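Notes for the one structure printed next.
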Amino acid sequence: MSIKTVVVPDLGGAESVDVIELSLAVGDNVELEGSLLVLESDKATMDVPSPFDGQLVKYLVAEGDTVKVGDAIAELETIVSSDDAPESKPEALAELALPPESPVVPSIDAVEPSPPEPQAPVELKSQPPAAVLEQSAADVEEADIYAGPSVRMLARELGVQLGVVRGSGPRGRILRDDVNDYVKAALAQGSSRVQTASNGIPEVPTIDFSQFGAIDTVKMTKIQKITAANMQRNWLNVPHVTQFDEADTTDMDSFRKSLKAEGDARGIRISPVAFLIKAIAIALQENPVFLRSLAGDGENYIQKHYCNIGMAVDTPRGLVVPVIRDVGNMGLWDIATAVTEFAGKAREGKLKLADMQGGCFTLSSLGAIGGNGFTPIVNAPEAGILGVSKAQIKPVWDGQEFQPRLMLPLALSYDHRLVNGGDAGRFMTQIVKLLSDVRHLAL
Ligand code: CAO
């Protein structure tokens, strides 16, 4: 027996990669090709396999380290049969270096893709009934899940579908502890099954539509699948109430148009969405009940003291929600810039996962598309979402006569576990006031 150093193998073209998971504990035995650790480039994750049967002496790297080809990553004590002693193979160390042409290590691009950028991690902690959690898993395919091989193996052993487990690692990666926590939470909820296909809700029948006419079966994009799972999860978990109102945006629209010359000079286009986000930020700060999320333990709620607002963006690949951060401290021009940048990145598929995390409240504006109103689904664990439809000139009675006014339809959906009707009424009334007289936006 002797101690060998294992080095980073060929990375399939990536210059440096992050160590995202150490698969073993010191003293663990590992078989040939068993996972030693998991590396991640910006495109993919790869499992570094052990080059022989051995025992882990120590890791020479830690989770979060960045490494490159040839860096030492671990020391292994060989466990070899007498006819395969390392002494008989003086080139053993060279073999361990796994040169680029080595067939033992897969190319980094060929392994497991990183998660789709717009994926928000599926939340466990604020989602109590295991039975309800079970539903969304069926909608998220294994390949869409961000977890390393050893975590996948653990999940398989425990019968957990990773689609329902919230990842607490970097960029929402699912860690071993997340799987263990999920099982503990499921057991604590009295569920005898961690995961099943159905949760007591009558299933929609699967129909062979081709019997009625020509059809195509089209593969859903990752974004579509994740959106479907998230929407179902939110719809099933959140007791929704939707409140409607209209804001008179005649003056706001005139003011917005009056900013056009200055906007052109600054290279910034101010759309109604920037005013809406500014109004929401002010209303959130004055109605902090909308900055709450359930803690998930049934005992507490989290009160946030920051103000990040998500903006639903319609893209060819599906719906994504980038988050504009710290909006409370931003002026209209800054918000307008962020709206344009995020909408552009969203449409070009360039959003990073971090761009879509940390939201407190969401704006869904269909104003540029049309419609009188709709009931948006709360983006749990947020407490509320404002749906905005197309502003239209309507006759409004001013006490003496009808005036043509540009009326903006608003629909506020909220989680009635966190927000009462009175809270929502105050929030909505303030939004209407801010949009109807934009001087209040400056106060
Ligand atoms: N009423 C009337 N007109 C409106 C309006 C409203 N509520 N909101 C925007 N408009 C106008 C804008 O003023 C602009 O016209 P001008 O160029 O003449 O000023 C035009 O519509 C186009 O706006 P836009 O789409 O370029 O930009 P935006 O800032 O209004 O919206 C964004 C940005 C990202 C919110 C939007 O493009 C988008 O993707 N909306 C869809 C969101 C969505 O899918 N929600 C549903 C989620 S749940 O399924």
Side-chain angles (χ1 to χ4, degrees), residues 240-266 268-287 289-290 309 311-312 314 327-328 330-336 339-340 343 361-378 384-414 416 419-443:
H240 280 76
V241 177
T242 304
Q243 169 164 344
F244 304 93
D245 209 333
E246 280 183 325
D248 181 342
T249 55
T250 317
D251 298 337
M252 183 189 97
D253 204 51
S254 304
F255 177 54
R256 185 178 71 86
K257 286 177 176 149
S258 75
L259 294 173
K260 186 166 181 335
E262 188 180 348
D264 289 347
R266 290 172 180 253
I268 303 171
R269 191 179 75 85
I270 290 201
S271 79
V273 167
F275 285 88
L276 285 160
I277 290 177
K278 181 71 186 168
I280 291 169
I282 294 171
L284 285 175
Q285 282 164 330
E286 295 194 16
N287 299 271
V289 66
F290 277 88
I309 298 176
M311 172 182 74
D314 183 39
V327 184
M330 291 170 83
L332 266 177
W333 292 112
D334 293 335
I335 296 173
V339 167
T340 305
F361 185 96
T362 296
L363 168 68
S364 177
S365 172
L366 291 177
I369 298 171
N372 291 328
F374 62 104
T375 55
I377 297 178
V378 172
I385 179 169
L386 186 69
V388 178
S389 298
K390 188 174 178 61
Q392 293 192 59
I393 302 281
K394 290 186 180 174
V396 176
W397 185 251
D398 70 358
Q400 290 176 325
E401 55 187 343
F402 283 104
Q403 298 286 350
R405 307 295 293 181
L406 185 65
M407 304 305 291
L408 181 70
L410 303 169
L412 172 71
S413 292
Y414 57 91
H416 210 338
V419 177
N420 290 329
D423 303 321
R426 282 182 284 275
F427 182 86
M428 182 67 119
T429 302
Q430 190 173 15
I431 294 271
V432 168
K433 182 175 161 189
L434 289 164
L435 296 176
S436 301
D437 185 348
V438 283
R439 290 173 300 180
H440 291 288
L441 291 177
L443 296 178

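Bear in mind that the values here come from a model prediction, so they are computed numbers and not experimental data.
- Side-chain contact between I385 and F290 is absent, with no heavy-atom pair separated by less than 4.5 Å.
- A donor-acceptor pair is defined here as one N or O able to donate and one able to accept, closer than 3.5 Å; no such pair exists between the side chain of S413 and the backbone of T242.
- Within the structure, the salt bridge (charged side-chain N to carboxylate O under 4.0 Å, His left out) test picks out the following pairs touching residues 250-260 (sequence neighbours left out): D251-R405, D253-R256, D253-K257, K260-D264.
- Closest of all the heavy-atom pairs between P376 and L386 is CG-C, 4.4 Å.
- Smallest separation of non-hydrogen atoms from L441 and I282: O-CD1, 3.6 Å.
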Atom pairs and distances, donor-acceptor, side-chain atoms in residues 361-369, under 3.5 Å, two or more places apart:
residue, atom, partner, partner atom, Å
T362, OG1, N379, ND2, 3.4
T362, OG1, E382, OE1, 2.7
S365, OG, G367, N, 3.4

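- Interatomic distance, CD1 of I270 versus OG of S258, reported as 9.0 Å (0.5 Å rounding).
- The side-chain heavy atoms of N372 and P409, taken from C-beta on, include no pair separated by under 4.5 Å.
- The shortest distance between side-chain heavy atoms of W397 and P395 does not fall below 4.5 Å.
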Please set out all donor-acceptor pairs under 3.5 angstrom arising from side-chain atoms of residues 421-428, sequence neighbours excluded.
residue, atom, partner, partner atom, Å
D423, OD1, R426, NH2, 3.2
D423, OD2, N420, N, 2.8

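- No donor-acceptor pair closer than 3.5 Å links the side chain of D334 to the backbone N or O of M330.
- With a 4.5 Å cut-off on side-chain heavy atoms, W333 and E262 count as touching.
- Proximity of V273 to I335: side-chain heavy atoms (C-beta onward) are nowhere separated by under 4.5 Å.
- Distance alone, capped at 3.5 Å, places no donor-acceptor pair between the N287 side chain and the V289 backbone.
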